[in-house]
Amino acid sequence: MEITLTVNGRERFADVGPTTTLVELLREHLGLTGTKVGCGHGECGACTVILDGEPVNSCLVFAVQCAGREVLTIEGLADAGAASDSDGERHPIQRAFVEVGAVQCGYCTPGMIMSAYALLASNPAPSRSEIERAVSGNLCRCTGYVKIVDAIEKASA
Amino acid sequence: MSDRDDTGGPPEISSARVGSPAIRVDADDKSTGRAVYVDDLTFPGMLHAALVYPGCAHARLLGVRPDEAIRTPGVRAVLTAQDVPGENQVGVLRSYPDQPLLPHDTVRYSGDAVAIVVADTGALAREAARSVRVDLEELPGVFDAVEAMEPNAPRVHPEREDDDDRGLVGNVFLRERVRKGDVDAGFEEADIIVERTFRTHHQEHAYLEPLGAIAVPGEGSSVTVYGTMQCPYYVQKAVATALGVPLADVRVIQTVTGGGFGGKEDVPSEICACAAVAAAKVGKPVKLVYTREEDFERSSKRHPMTVTYRLGATIDGTFTAADIRIVADAGAYSTLTPIVVFRATAHATGPYEIPNVRTDAYGVYTNRQTTGAFRGFGQPQTIFASESVVDEIACALGIDPIEIRVRNGLAVGKRTATDHLLDESVGLPETLRIARERSGWDEKREAFAGDAGRVRRGIGVGAIYYGVSLGARGLAIDGSGAHVEIEPDGSVRVAIGGTEMGQGLHTVLAQIVSDSLGAPMHAIHIGHVDTSLVPDSGPSVASRTTLMSGNAVLDAVAKLRESMAPVAADVLGVTAEDVEFGPGRVGTRERSVTFAELAAECHARDVATVADGWYKAPVTTFDEDGQGDAYAVYSFATQVAEVEVDTETGAVALVRVTAAHDVGKVLNPVTLEGQVQGGVLQGAGMALYEIMKTEGGRIVTPDFATYILPTSVDVPEIEVAFVEEPYSKGPFGAKGIGETPAMPGAAAIANAVSHATGIRFRELPLTAERVKLALG
C-alpha cells in the first residue's frame, strides 16, 4: 500500500507491505541506513528514531502507522539543530559525542543520539541520573556508558 | 574516512602527538550515520541467504528435504553439505579438523545449521528456511563439561580415536599442563593450605552489530567477501578452503565493525564461507546477516570453566605451592579452545611468583554452543578462582588482601609460573599501589567491616597479568604488515593488517604516523583491512594490534623518512641528519617546510614516497611441562570494587570501581579510558547479571529481554588510572590494553561481596537469588 510521510523534513512516498516496519522503510525503501538494527525486537534501541517528536524503536512500528506523520532520523538531525548552536552540518549532540569520546564501535551511536535528542527536547537541562534513565533503553557494549552520559551532559549545557 | 578541512562542520581533528588526547578519526562518520556497516551495503542483483537449523542439539542427520522450499517463488537455491565445492571444514585450527561448514551426518549443537537457502529477499529466505524438512534421529546429548568427562557420557565426536598415552579419551580432546618446582615439597613448607572449586558460566559477547557477510563473485573463480570481523586473514583461508580455490582468488574487505570482543575472531569465517559458497552456486552477490537470536546460537561464548585451586602459604603470607585443575567446556567443536586453554594454563596462578606449580587443564567437547575468544581469553574464569583463594588465605592469616598481593606479586627480577624471568615493563606493584590509594582501600576496608544493618558495604580487589599477543602456542602468524603511501598533496594513505572494531586502532595509528612522519592528523587516511593490500598480518586479538600494526607502520615510516630526509635537507640547506619529522612540519628548529610541501617536492624529484612495513613478534617458548618465556611481554592491572549488598533481597549494587592499568605507554588517553570503562562494565556483567540459560542445549535466553546486559543505570562510579612501565619493543613503549579491562572485575566484585557478607561465593553470576539463598 502507498503511504506518504515526512522524513527529515521532506515529503516521501513509499509502497510498503502490511508488515513492513518503519526501520525497513527507512533502510530498504529510502536508503537511510544510518538507523541500525541490533535486535529487531525493541530491546536494544539501536533503531531509535523520532516519530512526531517522540522516540520510538523503529523496528516495533509498522510503516503504515507512519502515514501522514513526521519522522526524524540521524541523517536529518543536523538540520534539526537550533540555528544558534548548530554549525549547519552537525547537531550539538553529535559534536559532543565526537569531542567527548562517546563513540567506539558506533553501532549504538545513532540510536543513542536520537534518544538524547528526545530527552533534551523535553528537558533541556537534565540531571545525570535523568540522562542515565533516558538512554537506559539503548544498549552499548563498548563504552560502559560513562562518556555517552558525559556527552549528553555537555550537549545540554 | 572522508577528507576534512578546517572550513567544514565536523569538529577539527587536532594534530595530536602520541600521548595527548586525539579525537577519533571515525567518530564523525559514526555519529552522522555515514559509517557503512555490512548490512548497509547492497550490490546489483544481490540475493539473500538464511540458514536451516536442526531444532535439537545432538542428532544423526538422515537427510535434508528442501522440495517445498525450492518450489517457493523467489527461492533460488538450497545448499547442503554436498554443495560445498572445496573442503567441508571451517575450524580455524587446521590441526583440529573437527568442524564441517555444513554437517553431513551428525548435528552436534543447536546452532549447527545444515543448509543454506538463497532467495530474493532476506524475509523470503528465512521463511523458506523454516519450511526445509530436516530428518534427524535424536541422540542423547551432554551439556556440561565435567559430566562429559565421565566414562559413559555421550560422545560428541565418536569418530575420534582415544589417545590413552596423552590422556585424550572420550570427550577430552585437549590437555595442557605446567610443572614447575616440587609441588608436594611446596605444600610441605606451607602453614596454611586452601583448596576450593569454582564454576563460571557462558557469557555472550553481545556486540551490538550482529554477524553478517556479503560475497560477490568475480572473474573466474575469484570472490570478494565483505563482512564484520576481527580477522580477515582467517576468513580468507576459510573461504578459499570451502570453495577449493587459491588464496589469491579470495579478497576479504572488512566493513566498519560494530564491536567484537573476541566474538568476531574465528566465527566470521563460518558466515563468510556460507555466503561465499552460496554466491559461487548462484553466481550472484549473496548477503547473509544473522538475526540476534541466530547470533546467540551461532556465535562463540566465554568458556564455562570448573577450576579447582589449591594454594599453600607460610604464616607470613608467602605462597609456597599451587595445584590447579581447569576443565573448560569447548562446546561442540574445538574452534579456538586449544589456544584459550593454553592461555588459561600459562596464567592460572595469577600474577604471583610461586616456586612450585602444577596446573592441569582439559578441553572437553559438549553439545553446547562453541566457546572461544572473549576479552581475557580464558583468564577471567581462572582469575575468579585464584583471586578468591588468595583473598581467603590473606583473611585467614590476618594479612591485608592487597598487602599479600604486593608480597607475592610479580616484579622485575621475578619469575612467572612458566619460569619466565621478567626483565622489564612490570607495572603490577604500581597498579596495586595506585588502586589502593585511589580507592581509599585502607579506610573503607576497616569501616565497611563494621556494617551491621540491612545494607552492607564491601570492598574487594582483583589483580591480573596478561601475556600480550599470541604467545608460544599461537598458531597464526605473529607478524604484521603495513603499507604507507604519500600523495603529492601530502595526504597519506595507510593500509594495515589489523582491524578497527571500535577499540580506536585507527586513531592511535594516525597519531603514530603523525608523530613520526610529520603529516598532520587530518591528512592521514587509514582504511579498513583489505587482504589484497597487506599480507597476512595474523588476527586482531590478544591485545596485539596496537603493538603489531603500530610497529609495522613505524617500520614503513622509517623507510619513508630515509628517502625523504635528504630532499628536505636539500630544500632547506641543512644536513639530512638534522632533519626532524614533527607533527605538521619537517626540518630543523630554525628552518622547516610543511609536510605537504615536502611531499610535493619528493614527487617532483621522483623520490619514492611509498613503503611497506613489517613487524615480527619476538620468539616465545612453552615446553611440554609448560615452562618457557610463554609471551614476549605482559600487561598488568588491579581493580578495586565497592559494593552494597541488600541482605533482605540479596541484590548487589556495584557502587565504585577503581581500575589501575599498566599499558606501557598511553597513546591516546581518551580512547584508552573509554576502553577501560567499557571493560569494567563487561566484567560487572559477568559478575552480576549475565546468565545464558539452556534447555537440552538450546538457548532459552536468546535475546536482550532475557539475557540481561548492564545498562546506563547500572554503571558504577569508575576511576581509571594508568601506569606507564614502557616496553622496549613497543611503539613508543606501548603494550596492549584490549583484554585487561574486562579481566579482574568479576574477581574483585566477588571479593567485595564476600567482604560485605562474610560468605564466599564460588559460582557466578552473583544474582540476587544466589546471594539471598546463601544469606539464608
Side-chain angles (χ1 to χ4, degrees), chain A residues 19 24 27-28 31-44 46 73-75 77-78 86-91 93-95 97-113 129 131-149, chain B residues 8-11 21 23-24 26-37 39-41 123 205-210 256-261 289 291-293 500-504 668 670-671 673-682 684 703-705 709-715 718 741:
Chain A
T19 60
E24 288 167 344
R27 289 178 54 86
E28 294 165 24
L32 295 170
T33 55
T35 302
K36 304 303 177 194
V37 179
C39 72
H41 300 300
E43 294 156 3
C44 77
T73 74
I74 191 72
E75 289 92 345
L77 187 64
S86 167
D87 64 9
E89 288 191 37
R90 303 292 179 272
H91 189 277
I93 302 173
Q94 290 171 316
R95 290 184 69 90
F97 266 65
V98 171
E99 286 166 359
V100 165
V103 178
Q104 288 191 26
C105 89
Y107 205 74
C108 75
T109 306
M112 196 71 81
I113 287 175
S129 66
I131 296 171
E132 286 169 354
R133 279 202 299 278
V135 297
S136 63
N138 293 77
L139 295 176
C140 168
R141 192 58 153 168
C142 298
T143 65
Y145 304 100
V146 180
K147 290 186 190 299
I148 287 171
V149 177
Chain B
I23 285 177
R24 283 184 68 116
D26 54 358
D28 184 56
D29 282 344
K30 287 175 171 175
S31 60
T32 53
R34 292 179 188 175
V36 178
Y37 299 79
D39 199 23
D40 303 336
L41 269 179
H205 299 85
Y207 36 71
L208 259 285
E209 182 205 21
V256 177
T257 294
F261 318 119
V289 176
T291 63
R292 179 56 63 179
E293 290 74 11
E500 170 70 74
M501 64 193 94
Q503 81 277 44
N668 184 344
V670 177
T671 52
E673 186 178 62
Q675 267 182 294
V676 174
Q677 290 163 338
V680 164
L681 209 59
Q682 286 181 356
D703 51 54
F704 297 140
L709 299 173
T711 73
S712 52
V713 297
D714 302 312
V715 183
I718 303 172

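These numbers come from the heavy atoms of this one structure, side chains and all, not from hydrogens, waters or symmetry mates. In the text below, chain A, chain B and the rest are named by the order of the sequence lines, each starting its count at 1.
A distance-only check finds no donor-acceptor pair linking the side chain of A:Thr33 to the backbone of B:Asp40 [under 3.5 Å]. Here the side chain of B:Lys30 pairs a donor or acceptor atom with the backbone of A:Cys105 at under 3.5 angstrom. Of the possible polar contacts, none joining the B:Tyr207 side chain to the A:Tyr107 backbone as a donor-acceptor pair under 3.5 Å is found. With hydrogens and angles ignored, the 3.5 Å screen pairs no side-chain donor or acceptor of A:Arg133 with any backbone N or O of B:Val713. Checking side-chain atoms of A:Glu43 against main-chain N and O of B:Asp703 turns up no donor-acceptor pair under 3.5 Å. Although no hydrogens or angles enter the test, the distance criterion places no donor-acceptor pair under 3.5 Å between the side chain of B:Gln677 and the main chain of A:Val146.
Scanning both residues, B:Pro710 and A:Tyr145, for their nearest heavy atoms gives O-OH, 3.0 Å. Between B:Pro210 and A:Gly38, the shortest heavy-atom distance links the atoms CG-O, 4.0 Å. Pairing each heavy atom of A:Thr109 with each of B:Ser31, the nearest pair is CG2-CA, 3.9 Å. When every heavy atom of A:Glu132 is checked against every heavy atom of B:Ser712, the shortest pair comes out as O-OG, 2.6 Å.
Chain A forms the most heavy-atom pairs under 4.5 Å with one residue out of B:Ala684, B:Gly258, B:Gly678, B:Ala35, and that residue is B:Gly678. Highest contact tally toward chain A, considering only B:Pro741, B:Ala705, B:Gly259, is held by B:Ala705 [criterion: heavy-atom pairs under 4.5 Å]. When each of A:Gly144, A:Cys108, A:Pro110 is checked for heavy-atom pairs under 4.5 Å with chain B, A:Gly144 comes out on top. By number of non-hydrogen pairs under 4.5 angstrom with chain B, the leading residue of A:Gly101, A:Cys39, A:Ala46 is A:Cys39.
Proximity to chain A involves both the backbone and the side chain of B:Val670, based on heavy atoms less than 4.5 angstrom apart. With a 4.5 Å cut-off on non-hydrogen atoms, A:Ile113 touches chain B through its side chain but not through its backbone. Within the 4.5 angstrom heavy-atom criterion, no atom of B:Glu500 approaches chain A. For A:Ser136, the parts sitting under 4.5 Å from any heavy atom of chain B are the backbone and the side chain alike. Interface remark: B:Ala206 contributes backbone and side-chain atoms alike to the contact with chain A (heavy atom separation under 4.5 Å).
With respect to B:Asp39 and A:Arg27, a salt bridge is recorded, a charged nitrogen being found less than 4.0 Å from a carboxylate O.
Side-chain contact check for B:His205 versus A:Arg141: every heavy-atom pair is 4.5 Å or farther apart. A heavy-atom distance below 4.5 Å is not found between the side chains of B:Met501 and A:Gln104. Contact check for A:Cys44 versus B:Leu208: side-chain heavy atoms found under the 4.5 Å cut-off. A heavy-atom distance below 4.5 Å is found between the side chains of B:Thr711 and A:Leu139. Residues A:Glu75 and B:Thr32 have side chains not in contact (no heavy-atom distance under 4.5 Å, counting atoms from C-beta outward).
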- Query: Run the side-chain contact (heavy atoms from CB on, under 4.5 Å) check on B:Asp28 and A:Arg90 step by step: do they pass?
  - Reply: CA-CA 9 Å; B:Asp28 184 56; A:Arg90 303 292 179 272; 2.6 Å; yes
